[in-house]
2 protein chains.
Amino acid sequence: MRELTRAEEQVMQVLWKIKKGFVKDILEHFDDPSPAYNTVSTIVRILQDKGFVTHKAYGRTHEYYPLISKSDYSKSHLKTFVNDYFSNSFEKMVSFFAKEKSISVKEMEEIMKIMENEVKKQKTMR
Amino acid sequence: MRELTRAEEQVMQVLWKIKKGFVKDILEHFDDPSPAYNTVSTIVRILQDKGFVTHKAYGRTHEYYPLISKSDYSKSHLKTFVNDYFSNSFEKMVSFFAKEKSISVKEMEEIMKIMENEVKKQKTMR
DNA sequence: CTTGCTTAACTAATTTTTTCGTTGTATATT
DNA sequence: AATATACAACGAAAAAATTAGTTAAGCAAG
């Protein structure tokens, strides 16, 4: 999957949040020194060319939708990251962050619970 | 922490792998249409300006070292990602990928083991 | 109809990133 | 010493990404 540039990613984050919207709706979700209308308009059209976004036309105005979900994008993004930084091993990544205390005890307990369930589920599915 | 551009990241990945090296050593680790010597030389000097790299001079030739470790960079990188895509919750991220079956049962069992240890350790540390 | 407003499309300008040729210097080789 | 080689530094050129002005078309209000 093609990577989003910084500006493109910002627009996608807004679209993922608001689900769909006109350029002016996207614009509203930028904070403070917000870019010009035309800047957003251009980026959204680039995203469309790249296949990340599509639109529904109402007369001359366009309502934009994400074509790729935030989860799909994050999935591909994290996979690249795990590959580049943890030789493709989720285990290495997660245990690294567990040991680094980036994951709190509470979170770890939650994660373990979920994993137990998943393991059970996937084992009975065979 | 400043973000690495694509080209910069490639050079850093090599430096992290070989620990230290002259431009030509870095160059060797690029595959196929490898960039020109000068391209790598320039990038490594940019990385130096940005504080990611330093060098030891042997006469006129420079041996380059990473100043930032791969783990520190990946830590900051994943934090940004978790923040942008999982509202800053490692738990959300990990359980998402567990449910997505991006993490194998074997890996999950390993992760649970490590977490149990970590939880124990961190609880006794209080 | 005419004026003004809104919007997409186009395009130009600017900035950032990437790439590599050129140059000068040091060192090795003859 | 003269020539060749290797390298860092510089800088220019090219490519990619970002930003926003201009234009033209549609529509609404008077």
Side-chain angles (χ1 to χ4, degrees), chain A residues 1-15 18 20-68 73 76-77 80 84, chain B residues 1-16 18 20-68 73 77 80 84:
Chain A
M1 181 187 307
R2 192 77 176 283
E3 278 222 8
L4 297 168
T5 66
R6 236 186 281 286
E8 287 166 5
E9 190 178 353
Q10 280 176 32
V11 170
M12 284 307 294
Q13 287 284 1
V14 173
L15 268 180
I18 67 180
K20 62 180 178 180
F22 301 91
V23 173
K24 71 166 167 35
D25 301 324
I26 299 171
L27 198 54
E28 270 170 18
H29 285 79
F30 277 87
D31 30 34
D32 221 9
S34 80
Y37 180 97
N38 285 339
T39 303
V40 174
S41 164
T42 301
I43 293 172
V44 104
R45 234 166 320 108
I46 291 170
L47 284 167
Q48 193 170 241
D49 290 346
K50 292 193 179 175
F52 287 103
V53 149
T54 188
H55 75 263
K56 201 166 163 181
Y58 293 96
R60 247 182 74 72
T61 87
H62 295 179
E63 190 174 35
Y64 293 94
Y65 300 84
L67 268 184
I68 180 177
Y73 185 71
S76 126
H77 193 74
T80 307
D84 291 350
Chain B
M1 181 185 310
R2 192 78 177 285
E3 277 222 10
L4 297 168
T5 66
R6 235 187 279 287
E8 286 166 5
E9 190 178 354
Q10 279 176 31
V11 169
M12 285 307 293
Q13 287 285 0
V14 173
L15 267 181
W16 283 325
I18 67 180
K20 62 181 177 179
F22 301 91
V23 173
K24 72 166 166 34
D25 301 324
I26 298 171
L27 198 54
E28 271 170 17
H29 285 79
F30 276 88
D31 31 35
D32 221 9
S34 79
Y37 180 98
N38 284 339
T39 304
V40 174
S41 165
T42 301
I43 292 172
V44 104
R45 234 165 321 109
I46 292 170
L47 284 167
Q48 193 170 242
D49 290 347
K50 291 191 179 174
F52 287 103
V53 150
T54 188
H55 76 263
K56 200 166 162 182
Y58 293 96
R60 247 181 75 72
T61 86
H62 296 179
E63 190 174 34
Y64 292 94
Y65 300 84
L67 268 184
I68 179 175
Y73 186 72
H77 193 75
T80 307
D84 292 349

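By convention in this document, chain letters (A, B, ...) are assigned in the order of the sequence lines, proteins followed by strands, and residues within each chain are numbered from 1. What you see is a predicted model, and the numbers here were worked out from it, not measured in a lab.
Looking at Met12(B) and Val53(B), their side chains come closer than 4.5 Å, going by heavy atoms from C-beta outward. Contact check for Thr61(A) versus Phe22(A): side-chain heavy atoms found under the 4.5 Å cut-off.
Within the structure, side-chain hydrogen bond (donor to acceptor under 3.5 Å, both in side chains) contacts touching residues 34-46 of chain B (residues at least two apart or in different chains) are Ser41(B)-Arg45(B).
Put simply, CG on Asp25(A) is 10 Å from P on dA8(C), counting in whole angstrom units. Rounded to whole Å, the distance from CD on Glu9(B) to P on dT17(C) is 14 Å. Following rounding to the nearest Å, Ile43(B) (CD1) and dC10(D) (P) show an atom-to-atom distance of 17 Å. Spacing between atom CG of Leu47(A) and atom P of dA8(C) amounts to 14 Å, rounded to whole angstrom units. In this structure, Phe52(B) atom CZ and dT17(C) atom P are separated by 11 Å, rounded to whole Å. The distance between atom CG of Leu27(B) and atom C1' of dA6(D), rounded to the nearest whole Å, is 13 Å. Gln48(B) places its CD atom 11 Å from the C1' atom of dA8(D), with the value rounded to the nearest Å. If you measure from atom CD of Gln10(B) to atom C1' of dT19(C), you get 13 Å, rounded to the nearest angstrom.
Within the nucleic acid shown, Arg45(B) comes within 4.0 Å of at least one base atom, counting heavy atoms only. At the heavy-atom level, Thr39(B) lies under 4.0 Å from base atoms of the strands shown.
Taking the side chain of Lys24(B) as heavy atoms from C-beta on, and the options dA9(D), dT19(D), dC7(D), the nearest nucleotide is dC7(D). Closest contact between the side chain of Ala36(A) and the listed nucleotides dT18(C), dA20(D), dC20(C) involves dA20(D). Distance from the side chain of Arg60(B) is smallest to dC7(D) among dT19(D), dC7(D), dT22(C).
Sequence order on DNA chain D of the closest nucleotides to Thr42(B) and Arg6(A) puts Thr42(B) first from the 5' end. Where Lys50(B) and Val40(B) each meet DNA chain C at their nearest nucleotide, the meeting point lying more 5' is that of Lys50(B).
Considering CD of Gln13(A) and CD1 of Ile18(A), their distance stands at 12.0 Å, rounded to 0.5 Å.
Proximity of Thr5(A) to the phosphate of dT18(D): a side-chain N or O atom is located under 4.0 Å from OP1 or OP2. At least one side-chain nitrogen or oxygen of Tyr37(B) sits closer than 4.0 Å to the OP1 or OP2 atom of dA8(D).
Within 3.5 Å, no donor on the side chain of Asn38(A) pairs with an acceptor on the base of dT19(D), nor the reverse.
Residues Gln48(B) and His55(B) have side chains that bring a donor and an acceptor to within less than 3.5 angstrom of each other.
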